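Residue numbers start from 1 in every chain, and the chains themselves are labelled A, B, ... in the order their sequence lines are given, proteins ahead of strands. Source: prediction; values computed, not measured.
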2 protein chains.
Amino acid sequence: MIELAVLGLLTEQDLHGYELRKRLRARLGLFSDLSFGSLYPALGRLEAAGAVTAVEQHAHAPAHSPAGAMPLTGSLSGERAAESSRRQAPVGGRSRRARKVYRITDRGRELFESLLSGEGSGRSGERYFDLRLAFARHLSREARIRLLERRRAELVRQLDESPAQGTPPTGRLDAYARSVVEHSRQAARHDIVWLDGLLATERSAGAERSAAPNGNPAGIAVAGTPVLDSPSESEESTR
Amino acid sequence: MIELAVLGLLTEQDLHGYELRKRLRARLGLFSDLSFGSLYPALGRLEAAGAVTAVEQHAHAPAHSPAGAMPLTGSLSGERAAESSRRQAPVGGRSRRARKVYRITDRGRELFESLLSGEGSGRSGERYFDLRLAFARHLSREARIRLLERRRAELVRQLDESPAQGTPPTGRLDAYARSVVEHSRQAARHDIVWLDGLLATERSAGAERSAAPNGNPAGIAVAGTPVLDSPSESEESTR
DNA sequence: GCCATGATATATCGAGGTGATATATCGATC
DNA sequence: GATCGATATATCACCTCGATATATCATGGC
């Protein structure tokens, strides 16, 4: 599913591998190690599939589109370095380690759409959900709501299947194991509250002005002010 | 690191593959898919390394130790099934699909200890931490405290590296991506509070009675009553 | 009776992710 | 002027996952 992340970033701007990694890190928060050992092979697969095309980016490439559209290094110092290297470019050689800049194709955009919605055959799980949500602005509001509700249902299901403290299998665990289980349940409850906030925002935005084009719907809950849900036991929790 | 989980469970009781999976599920909460595709190869590796030995468990094995010590199926119906199949056992054949029951060896116990403490060369990350904590009763209090503090330091480091909302890279993200980042930061803060609770319990237990043998130290915080930390910005957060 | 379903149980395979490592270029720092 | 750290691409061995195949038995519907 690294493909989804790569395509999502390339939808917005041409980028090279190293930069893709940094952007993804910024976009996904603490998650997202994204080792090069998976990134470069993924780029290779996408290129082979015709979803992206590589544009060797080395010296003597002066006539580029106005600032902002060109592939940046992201860090200013890094970009300055590339700039200076571009000055004294030898003919065929690369003055700096050549950066392979990738651009998404139409086929890539199709693939992105289908991976993003995750409907049908897509994988689920927290990683995949976070990734999809991070690019959710490329989805229709209806698809976003379905995405959020699918994740919510999954969390509720896991909570119901997981034994609350007291039931036979959990009762036999020692305090450390119980703490791990209970903490994971707590985290799931927090996630549900978070999702409910996002869902409420989506729905109120949809009720207000259903004719809003495709722009960023006004006020998505960002921090999600983690209101703890009621201390009632999780059984039949909002199912 | 499935090895750690397998060895930890086998430390407590002889078990077969299918049962290992179920126990681990109960012990680790929502995490822990643990597919057979990784479990059985792991058992094979451990057997090859001499960390566990397999005892074919099929028919005509009547003289086993008193109830409770024998490897259970876990589900009563399953055990009853095995029982009934054991009655009419053909000579060399297996009346039921033979269960390979594994037992940990001395070498396995050594390996378990070194994997559990995770000191030196052990991997980190949330999965590994949860796994280690779930078996933390096999560690000394000092090792437990080091484990908790290593995890805490890792979370603090990630929070400090991750951009708070407002700083340049985050400011350019749309509301959905910001929400994902902020939610992951929130989760990390909750984890730190949880860890602080566990650390406080360890330390107070250590102060009260430092001569407690190896039994379960009195009252480990189980649910961790998720007190939100102050809304102050994360910069220099409790580091 | 008998057949479908589902739980128990082990095993293997392809696809793909991770962490480590190698290689190369350049600025900075001392 | 040498090392260090950031930039940048690439590959490797090992492992994990999800799917699938196989086999046994209980249960329950018809």
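- Whole-Å rounding puts the Glu47(B) CD to dA11(C) C1' distance at 14 Å.
- Atom P of nucleotide dT11(D) and atom NZ of Lys100(A) are separated by 9 Å, given to the nearest angstrom.
- No donor-acceptor distance shorter than 3.5 angstrom exists from the side chain of Arg103(B) to the backbone of Thr53(B), with no hydrogens or angles considered.
- A donor atom on one side chain and an acceptor atom on the other are found under 3.5 Å apart for Arg144(B) and Tyr176(A).
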Quick test: give all pairs of protein nitrogen or oxygen and nucleotides 14-17 of chain C nitrogen or oxygen below 3.5 Å, distance rounded to 0.1 Å.
from, atom 1, to, atom 2, distance (Å)
dG17(C), OP1, Met1(A), N, 3.0
dG17(C), OP2, Arg45(A), NH2, 3.0

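- One finds no side-chain N or O of Tyr40(A) lying less than 4.0 angstrom from the OP1 or OP2 phosphate oxygen of dA10(D).
- Between Lys22(A) and the phosphate of dA6(D), there is no side-chain N or O to OP1/OP2 separation shorter than 4.0 Å.
- Side-chain contact check for His183(B) and Asp130(A): no donor-acceptor pair (N or O, by modelled atom type) lies under 3.5 Å.
- Note: CZ (Arg99(B)) to C1' (dA11(C)) measures 17 Å, nearest angstrom.
- Checking Pro41(B) against Tyr102(A), the closest nucleotide of DNA chain D that is more toward the 5' end is the one next to Tyr102(A).
- With Arg123(A) contributing its side chain and Tyr128(A) its backbone, the two residues share no donor-acceptor pair below 3.5 Å.
- Here the P atom of nucleotide dT25(C) and the OH atom of Tyr18(A) are 17 Å apart, to the nearest Å.
- Every residue meeting the side chain to side chain contact (heavy atoms under 4.5 Å, CB included) condition with Arg45(A), not counting sequence neighbours, appears here in chain and number order: Glu3(A), Pro41(A), Ala42(A).
- The closest side-chain donor-acceptor pair between Gln186(B) and Glu182(B), if any, does not fall under 3.5 angstrom.
- No side-chain heavy atom of Lys100(B) sits under 4.5 Å from any side-chain heavy atom of Leu43(B).
- Following rounding to the nearest Å, Phe36(B) (CZ) and dA9(C) (C1') show an atom-to-atom distance of 7 Å.
- Computed from coordinates, the Leu39(B) CG to dA9(C) P distance equals 13 Å when rounded to whole Å.
- Taking atom CG on Leu43(B) and atom P on dT12(C), their separation rounds to 12 Å, with Å as the unit.
- In this structure, CZ of Arg25(A) is placed 13 Å from C1' of dT18(C), rounded to the nearest angstrom.
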